[in-house]
Amino acid sequence: MHVSRIIYHARQLLTVAAPPGGGPRRGVQMADSGLIEDGALAIKGEVIVAVGTSAQIMAAYTADDMLDASDCIVLPGFVDPHTHVVWAGDRAAEFDLRIAGASYMQIMQAGGGIVSTVKATRAASIEELVAQTARRLDRMLAHGTTTAEAKTGYGLNLDDEIKMLDAIRILDEDHAIDLVPTFLGAHAVPPEFSGRTDAYVDFLVAEVIPVVADLQYQVVLNAADGGPGYTTYVPAARFCDVFCEHGVFDLAQSERILTAAAEAGMALKLHVDEFAPLGGTPLAVRLGATSVDHLVSTPPDHLALLAQSNTIGVALPGTPFGLGHHEFTPARRLLDLGGALALATDLNPGTCWCESMQFIIALACRFLRLTPAEAICAATLNAAHAIGLGAVVGSLEVGKQADILLLDAPDYRHLGYRFGTNLVQQVIKKGQVVWREE
């Protein structure tokens, strides 16, 4: 059979294939990377059509392009399932305050933090937002991220939240990284609603969520080679998220927002237990949220409930690291309970300006006590399920999108073992090389 591209002679090829029955890997399953020595892939167009040893693939297929991966590790492109990648400006001045001892919530209550970025993002044009974000996406791609979630939450009014969704749509169309949009209007209480959180929740439920849930973008698909393609429509926001935390949105307020979003047809996510447990994890499980994220202070009984559910726990070790904290997600406990864990950067301007999933894997191995194989699973297959794309990306399997990394490393465990450097040699997205090391 003739195909578009064959990648062959990989020192190690990690399929990170779905477990029997599909879905994310859970508990002990996460330690199985699906490693093939001297591995190879056959790609036709944008899709993987065969996976095996080099001998097997070379005997069965010919290709227009032969990519020799000798001395490389081949694995799925990283999926980053929790980012705030779209914003304007920076918060470097707050870093000095934090070093001097100010807490995250103290900075936020003094008018800094999220609200500071809200002011800069509201003032920015959509062109400025797209330009600033594109540079961050470029760095993410260079470090191996091929799919990412992108949240709003720095507009906090209808017009500026839609401006952020518009920016995400433009970037999704123009950039190699596929973006999955999440509406996070409940990221903070904006200045105009200061001291009136319930009124802001009323505003979100009555005036913002109905508009965002109905908003769709026209997309033309399969228009390659000058063909006409066909028109379809995609939702402006696939998910709705809430920052459930002291000083932001309490449990009852979070439930009101999420319930309204679910009734409007949106899937759910939830920031929980970053600083204090308010009961957000049981709420997320009860509402059938796709993921529940942060989980730093999650009580043992809530963690057990999560492990028994279909909701994926997303750990963000870059955030406590960025804050200089010493408490991290009890990921080892979640895996021991049979839960499904994903990793994400939490890329944002205040607490974790980190574009590298490789560094997140290194942190996860040290502070979450994951093995490199478990961390890679959490950054690929399980991360894809945390944004509803587990059937499309996140593993190297027949029928999956050909999103592939080639690493300049002798062993896959160098992901985790090494940090502060970029091991990615080439990035392939939808079967095409979109980045290579100079």
Inset, instruction - Calculate, to the nearest 0.5 Å, the distance between atoms CD1 and OG belonging to I73 and S33 respectively. - result: 10.0 Å
Inset, instruction - Give a yes or no on whether the backbone of R436 and the side-chain of Q425 come within a donor-acceptor separation of less than 3.5 Å. - result: no
Inset, instruction - Kindly say whether L295 contributes a backbone atom to a donor-acceptor pair with the side chain of E274 at under 3.5 angstrom? - result: no
Inset, instruction - Decide yes or no for T83 and D346: does some side-chain heavy atom of the first lie under 4.5 Å from some side-chain heavy atom of the second? - result: no
Legend entry - Residue that, paired with C240, satisfies side-chain contact (heavy atoms from CB on, under 4.5 Å) out of T182, T152, I257: I257
Legend entry - Point-to-point distance, once rounded to the nearest 0.5 Å, from NE2 of H385 to OG of S395: 7.5 Å
Inset, instruction - May I ask you to decide if V85's main-chain N or O and R136's side chain share a donor-acceptor pair within less than 3.5 Å? - result: yes
Legend entry - V201 backbone acceptor or donor facing Q253 side chain under 3.5 Å: no
Legend entry - Heavy-atom donor-acceptor pair, K400 side chain to G390 backbone, under 3.5 Å: yes
Legend entry - salt bridge (Lys or Arg N to Asp or Glu O under 4.0 Å), paired with E374, selected from R332, R26, R25: R332
Legend entry - Evaluation steps, side-chain contact (heavy atoms from CB on, under 4.5 Å), between F78 and L343: CA-CA 10 Å; F78 297 131; L343 289 172; over 6 Å; no
Legend entry - Separation between CD1 of I404 and NZ of K429, rounded to the nearest 0.5 Å: 11.0 Å
Legend entry - Non-hydrogen atoms of A362 and R418 that approach each other most closely: CB-O, 3.9 Å
Legend entry - Audit row: I428, D403, side-chain contact (heavy atoms from CB on, under 4.5 Å) steps and yes/no: CA-CA 5 Å; I428 293 171; D403 293 1; over 6 Å; no
Legend entry - Electrostatic pair K163:D160 at N-O distance under 4.0 angstrom: yes
Legend entry - Under 3.5 Å donor-acceptor, R5 side chain and G431 backbone: yes
Inset, instruction - Kindly say whether A276 contributes a backbone atom to a donor-acceptor pair with the side chain of E245 at under 3.5 angstrom? - result: yes
Legend entry - I114 versus G153, closest heavy-atom pair with distance: CG2-O, 4.2 Å
Inset, instruction - Provide the closest heavy-atom pair for G185 versus L156 in the form atom of the first, atom of the second, distance. - result: O-CD2, 3.2 Å
Inset, instruction - Could you tell me whether D172 and R169 make a salt bridge, using a distance below 4.0 angstrom between a side-chain N and a carboxylate O? - result: yes
Inset, instruction - Please name the pair of heavy atoms, one in T117 and one in A88, separated by the smallest distance, quoted to 0.1 Å. - result: CG2-O, 4.1 Å
Legend entry - Close side-chain approach of E37 and Q12, heavy atoms under 4.5 Å: yes
Legend entry - Worked check of side chain to side chain donor-acceptor pair (under 3.5 Å) between T281 and D273: CA-CA 8 Å; T281 298; D273 307 338; 2.9 Å; yes
Legend entry - Partner of H187 under ring pair (Phe, Tyr, Trp, His ring centres under 6.0 Å), chosen from Y154, Y200, W87: Y154
Inset, instruction - Before accepting this row, confirm whether a basic side-chain N of the pair R139/E355 lies closer than 4.0 Å to the acidic partner's carboxylate O. - result: yes
Inset, instruction - Would you check if V189 and F249 make a side-chain contact, meaning some heavy-atom pair closer than 4.5 Å? - result: yes
Legend entry - Backbone of T351 reached by a side-chain donor or acceptor of N348 within 3.5 Å: yes
Legend entry - Nearest-0.5 Å distance, CG of residue D159 to CE of residue M164: 14.0 Å
Inset, instruction - Indicate yes or no: at least one non-hydrogen side-chain atom of N382 is less than 4.5 angstrom from one of M30. - result: yes
Legend entry - Over all atoms of both residues, closest heavy-atom pair of L165 and A236: CD2-O, 3.3 Å
Inset, instruction - Tell me, with the steps shown, if V424 and L407 meet side-chain contact (heavy atoms from CB on, under 4.5 Å). - result: CA-CA 4 Å; V424 173; L407 303 185; 3.7 Å; yes
Inset, instruction - Among H84, H271, H82, find the residue that satisfies the ring pair (Phe, Tyr, Trp, His ring centres under 6.0 Å) test when tested with F243. - result: H271
Inset, instruction - Output the distance between atom CD1 (I360) and atom SG (C352), rounded to the nearest 0.5 Å. - result: 5.0 Å
Inset, instruction - Look at atom CD of E437 and say whether more than 12 heavy atoms of other residues, nucleotides or ligands are closer to it than 6.0 Å. - result: yes
Legend entry - Any donor-acceptor pair under 3.5 Å from D411 side chain to H414 backbone: no
Legend entry - Pair F321 + F359: ring centers closer than 6.0 Å: yes
Inset, instruction - Start with the C-alpha gap between V79 and V393, add the side-chain angles, then the distance that decides, and say whether side-chain contact (heavy atoms from CB on, under 4.5 Å) holds. - result: CA-CA 8 Å; V79 178; V393 296; 4.1 Å; yes
Inset, instruction - Grab the two heavy atoms, one from L341 and one from A331, that are nearest each other, plus how far apart they are. - result: CD2-CB, 3.6 Å
Legend entry - Lys/Arg N to Asp/Glu carboxylate O, E149 vs K151, below 4.0 Å: yes
Legend entry - Validation row: F203, F193 side chains within 4.5 angstrom (heavy atoms): yes
Inset, instruction - Mind checking the NE2-SG spacing from H9 to C72? Nearest 0.5 Å is all I need. - result: 12.5 Å
Legend entry - Side-chain donor/acceptor of T145 to backbone N/O of T147, under 3.5 Å: no
Inset, instruction - Would you mind reporting whether T290 and I387 have side-chain heavy atoms less than 4.5 Å apart? - result: no
Inset, instruction - Taking the side chain as every heavy atom from C-beta outward, state whether L347 and W353 have any atom pair closer than 4.5 Å. - result: yes
Inset, instruction - Using a strict cut-off of less than 4.0 Å between a Lys/Arg side-chain nitrogen and an Asp/Glu carboxylate oxygen, indicate whether E192 and R122 qualify as a salt bridge. - result: yes
Inset, instruction - Side-chain contact test, heavy atoms from C-beta onward, threshold under 4.5 Å: evaluate it for V272 versus H294 and give yes or no. - result: no
